[in-house]
Each structure stands twice: as structure tokens, then as C-alpha cells.
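Throughout, residue positions are numbered sequentially from 1 according to the sequence presented.
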Amino acid sequence: MFRKLRAVSGQASSTQLGRRALNRALLERQLLLRRVRRPAAEVVEHLLGLQAQEPRDPYVGLWTRLEDFDPAELGGLVADRQVVRSPLMRTTIHLVSARDCLTLAPLLHPVRERNFWTGSPFGRQVKGVDVDAVLADGRALLDEQPRTNTQLRAFMAERWPGWDPTSLAYAVHHLVPVVQVPPRGVWGQKGLPTWATTETWLGRPVERAPSIDRVVLRYLAAFGPAGTMDVQAWSGLTRLREVTDRLRPRLRTFRNEAGKELFDLPDAPRPDPGTPAPARFLPQFDNVALSHADRSHIAGGAAARWPTDDLHWSAILVDGFVAGAWRLARDGKAATLTVRLFDRPAAQDEAEVAEEGERLLAFLAPDADPREVRLGAAA
């Protein structure tokens with residue numbers, strides 16, 4: 001699995017890491033080889049945030065990583081403003097610590113700006129508007145009190161007649177640092193997406209000169225070994241080669257089986273490729289499967305076999321790799337967890353998936369009666 005290659009880019013040598021070696025390193029960093037006992041806030045920071053487009057997802061993400069996870073712990077952090085939901089990496093909603101939000105919001109502003117003007121239809125709808133004035137109006141409105149999308153659109157329609165109010169509201173979401181506030185995102189509660197400015201909600205200014213170097217090092221701690229393109233895929237930022245080159249003296253370099261250069265922290269854990277990996281149910285969007293440009297070491301081939309019924313499926317790991325999908329359905333008091341595996345696993349793996357599915361169903365639907373796990377092959 002490991003062998004030496006000739007010197008590359010001034011390095012004395014680079015060690016090749018095979019697919020399983022990279023997989024086990026990633027799972028170790030992501031706390032997916034074994035559940036741990038750590039505070040939820042600490043784990044959210046270690047992972048540099050959790051995908052949170054669906055409010056339930058961070059709870060599933062922590063349940064699959066932590067021993068005896070109590071969702072009330074995370075819900076309390078959201079209610080107390082110690083963690084927040086904000087459009088950050090790749091302009092998607094992430095749950096991050098308050099401290100990380102104040103760092104990441106300004107650092108990732110170019111990503112949100114690019115997404116608004118060129119990656120969405122909204123920017124085209126407001127070409128020619130006085131954007132600075134729109135943003136000043138939107139910021140003042142959200143500083144005054146949190147507002148729903150409907151309230152923000154209504155304000156824009158009144159203040160800026162003749163312009164598309166939805167696009168103007170999206171300009172505020174993308175170009176002003178904002179967070180979605182409770183009760184949305186609190187376990188057991190519901191609420192419309194309601195926005196406040198990050199600085200007013202947290203009572204502190206965003207960082208004026210956030211360090212991209214420090215963030216890249218933290219990315220490697222949570223997702224490494226990884227290449228420059230992987231960091232860009234996770235963050236949405238571009239032109240990070242100068243950052244990884246600047247950090248090179250502080251890092252170890254590796255090569256994957258295709259010869260691509262990877263970076264890692266010198267003392268980061270890299271378990272034996274033969275380390276057992278238990279079955280794990282991931283939330284619908286989990287960065288472990290999305291935060292690399294090359295996903296072959298965890299999700300290779302999964303996209304081609306994903307269910308195509310337009311329902312909301314989430315990934316299952318078997319032996320560390322995406323091997324199937326799951327979804328929860330409620331019908332009155334009944335709850336059904338449907339599992340579709342891409343291939344028929346060994347009997348031991350199938351039993352482990354079923355048992356883990358039963359535990360997940362009890363977590364997500366403790367009040368359901370009956371509860372059922374349906375295990376089958378993908379269509």
C-alpha cells in the first residue's frame with residue numbers, strides 16, 4: 001500500500017497512499033471509525049462545520065460520530081448562539097461555531113459574490129441596480145430585527161419598485177454576512193428561514209483579516225491528506241495553489257495512486273489501511289463525501305448508482321465507502337427507514353447495517369409505533 005516515489009518538486013521523497021489508506025485517514029479525522037465522547041461544540045469546530053441545508057442533518061451527523069449524543073445539547077447551542085447556521089462553504093448553509101462564523105464569513109465572501117453574480121439567475125435580474133444601497137437597506141432591516149424571506153422581499157418590493165424583489169433579497173443573503181436564527185435548527189422545533197446579520201446576532205464584528213493559511217491547516221486536520229483542488233472543492237475558493245505552496249515547508253507531501261500530490265499535517269493520524277470501519281449512516285449532505293474534488297477514496301462510483309426517484313436519500317458507509325442510501329418516511333405514528341444497498345453485502349455487513357439502521361430509527365423517531373427498517377437492493 002505504501003511505496004516511495006522519486007523526488008518531486010524539491011521534496012526528498014513522496015509516499016504513495018492507496019485508496020484504502022486515504023479512506024481510513026479520512027474516516028479517522030471525521031470520527032467515523034469509532035464513536036467518541038466529546039462535546040458537540042468541540043466536534044462542530046473540529047469538523048469546520050456541518051452541512052445544514054436540512055435542519056435535521058447536523059443532528060444525524062453528530063449522532064453517527066458521538067457516543068450517547070443528546071440532540072438537546074446541540075439544540076441548546078443553537079438557541080444560545082454558540083453555534084449558528086449560515087451560508088458559507090460553497091454558499092451552502094453550514095452549522096458552525098460562532099467563532100468560526102466570524103472567520104469564515106469574510107473569508108468566503110468571494111465565493112458568495114461569485115455565486116450570486118454568475119452562479120445563479122438572481123444577479124442577472126438586478127444588473128444596473130445600486131447594489132451598495134440595496135445591501136445597506138437590507139443590512140439595516142436585518143439589524144433592526146430578524147426577518148423572514150417573505151418580509152425581506154416585501155421590503156425590497158416597496159423600497160426598490162421595478163426590480164425583482166426576490167433577486168434583491170438574495171443579494172442580501174449572499175453579499176451581507178447573515179445567519180438563520182432559531183427556532184429553525186433547534187431539535188424538535190420548526191420555523192421559517194429567518195435571517196439576521198451575523199454581527200448583530202453574535203454581538204461581534206467579523207474578522208477583518210482572516211487567515212486562509214490557518215483555515216487550510218484546519219481543513220487538512222479534518223479532511224486530509226488532500227490536494228489543492230480538494231481544498232477548493234470544500235470551500236468554493238479558487239487559486240489556492242499559492243496557499244498550499246506557502247504552507248509546504250510545514251506539511252508532509254504524499255501521492256495518491258494516480259500520482260496527484262497531497263498535503264497533510266506531519267503528525268496527523270493515518271491508520272493502517274486494514275483498520276476495520278463500521279457501518280455508518282450519514283445525513284443527506286455530509287462533508288465527508290462532498291469535500292474533495294477527487295472522491296474516489298470514499299464515494300467512487302456512487303453517483304452512477306444513486307436512487308433516481310427524486311426523493312431525499314442519504315448515504316450509507318459500509319467498510320468505509322458509500323455503499324447505499326437511506327431515507328426516513330413517516331405515516332401517522334408509523335416510521336419506516338428504507339435502506340437500499342448497491343450490492344449484496346456479506347451477511348455480517350448486512351446485519352450490521354440493519355442494526356445501525358434500527359438505532360438511527362430509534363433516534364429519529366422515538367415516538368413512532370410501529371418502527372420498521374426495510375433493507376433491500378437499489379433498483
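- Residue pairs meeting the ring-ring contact (aromatic ring centres under 6.0 Å, His included) criterion with at least one partner in residues 32-79, sequence neighbours excluded, are Tyr59-Trp187, Trp63-Phe363.
- The closest side-chain heavy-atom distance from Pro193 to Arg184 is below 4.5 Å.
- Tracing side-chain contacts under 4.5 Å through hydrophobic residues (I, L, V, M, F, W, Y), one never reaches Tyr170 starting from Leu108; they form parts of separate clusters.
- For the pair Asn287 and Leu50, the minimum side-chain heavy-atom distance is 4.5 Å or more.
- Each of Leu33, Leu32, Leu27 was scored for a side chain to side chain contact (heavy atoms under 4.5 Å, CB included) with Gln30, with one residue passing: Leu32.
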Could you walk me through whether Phe281 and Leu317 pass the side-chain contact (heavy atoms from CB on, under 4.5 Å) test, one step at a time?
CA-CA 6 Å; Phe281 284 67; Leu317 302 181; over 6 Å; no

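- With sequence neighbours left out, Arg250 forms a side chain to side chain contact (heavy atoms under 4.5 Å, CB included) with Leu217, Leu247.
- Applying the salt bridge (Lys or Arg N to Asp or Glu O under 4.0 Å) test to pairs two or more places apart or on separate chains, those with a residue in residues 278-290 are Arg65-Asp286, Arg280-Glu356.
- Using a 4.5 Å heavy-atom threshold, the side chains of Leu17 and Arg255 count as separate.
- Every pair passing salt bridge (Lys or Arg N to Asp or Glu O under 4.0 Å) that includes a residue from residues 152-162 is listed here, sequence neighbours excluded: Asp137-Arg159.
- For Ala334 against Ala368, the heavy-atom pair with the smallest separation is C-CB, 4.4 Å.
- Lys260 has no carboxylate O lying under 4.0 Å from a charged side-chain N of Glu257, or vice versa, which leaves the two without a salt bridge.
- Here the CZ atom belonging to Arg85 is positioned 4.5 Å from the CD atom belonging to Gln180, to the nearest 0.5 angstrom.
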Which is it for Asp68 and Arg37 under the side-chain contact (heavy atoms from CB on, under 4.5 Å) test, yes or no, and what are the steps along the way?
CA-CA 8 Å; Asp68 300 322; Arg37 289 190 178 277; 2.6 Å; yes

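- Ring planes of His292 and His297: perpendicular class, angle over 60° (limits at 30 and 60°).
- The one candidate from Leu77, Val181, Val78 that meets the side chain to side chain contact (heavy atoms under 4.5 Å, CB included) condition with Val186 is Val78.
- Applying the salt bridge (Lys or Arg N to Asp or Glu O under 4.0 Å) definition to pairs two or more places apart or across chains, those involving residues 44-64 are Glu45-Arg99.
- For the pair Pro121 and Arg124, the minimum side-chain heavy-atom distance is below 4.5 Å.
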Walk me through it: do Val172 and Phe155 pass the test side-chain contact (heavy atoms from CB on, under 4.5 Å)?
CA-CA 12 Å; Val172 176; Phe155 171 83; over 6 Å; no

CA sep, side-chain torsions, deciding dist, call: Val216, Ile212, side-chain contact (heavy atoms from CB on, under 4.5 Å)
CA-CA 6 Å; Val216 169; Ile212 181 59; 4.1 Å; yes

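- With sequence neighbours excluded, the residues forming a side chain to side chain contact (heavy atoms under 4.5 Å, CB included) with Ala133 are Asp130, Trp160, listed by chain and number.
- Judged by distance alone, the side chains of Arg241 and Thr228 do bring a donor and an acceptor atom under 3.5 Å apart.
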Could you please spell out the steps behind the side-chain hydrogen bond (donor to acceptor under 3.5 Å, both in side chains) verdict for Glu350 and Gln348?
CA-CA 5 Å; Glu350 186 172 8; Gln348 180 178 347; over 6 Å; no

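- Not a single ring pair (Phe, Tyr, Trp, His ring centres under 6.0 Å) links Trp163 to another residue, sequence neighbours left out.
- Atom CG in Leu48 sits 9.5 Å away from atom OG in Ser291 (nearest 0.5 Å).
- Here the side chains of Leu102 and Arg204 are in contact, with some heavy-atom distance below 4.5 Å.
- Ionic pairing of Arg20 and Asp272 is not present here: no N-O contact between side-chain nitrogen and carboxylate oxygen is shorter than 4.0 angstrom.
- Salt-bridge check for Arg29 with Asp264: passed, with a basic side-chain N closer than 4.0 Å to an acidic carboxylate O.
- The side chain to side chain contact (heavy atoms under 4.5 Å, CB included) check on Pro39 picks up Glu42, Glu73, with sequence neighbours excluded.
- Residue pairs meeting the salt bridge (Lys or Arg N to Asp or Glu O under 4.0 Å) criterion with at least one partner in residues 211-220, sequence neighbours excluded, are Asp100-Arg218, Glu207-Arg214, Asp213-Arg246.
- Leu360 has its side chain within reach of Leu364: a pair of non-hydrogen atoms, C-beta onward, lies under 4.5 Å apart.
- Between Trp313 and Arg340 the shortest side-chain heavy-atom distance falls below 4.5 Å.
- For His94, there are no ring pair (Phe, Tyr, Trp, His ring centres under 6.0 Å) partners, not counting sequence neighbours.
- Remark: Asp343 engages Arg305 in a salt bridge, criterion side-chain N to carboxylate O under 4.0 Å.
- The environment of Asp267 atom CG is sparse: at most 12 non-hydrogen atoms of other residues, nucleotides or ligands sit within 6.0 angstrom.
- Side-chain atoms of Thr336 and Arg374, non-hydrogen and from C-beta on, do get closer than 4.5 Å to each other.
- Salt bridge status for Glu67 with Arg34: absent, with no side-chain N to carboxylate O gap under 4.0 Å.
- Each ring-ring contact (aromatic ring centres under 6.0 Å, His included) pair with one or both residues in residues 191-217, not counting sequence neighbours, appears once here: His173-Trp195.
- By the neighbour-count criterion of 12 heavy atoms within 6.0 Å, atom CG of Asp331 is sparsely surrounded, having that number or fewer from other residues, nucleotides or ligands.
- For the atom pair CZ (Phe116) and CG (Leu175), the distance works out to 6.0 Å, reported to the nearest 0.5 Å.
- Legend: residues meeting side chain to side chain contact (heavy atoms under 4.5 Å, CB included) with Arg208, ordered by chain and number and at least two apart, are Glu199, Pro205, Val206.
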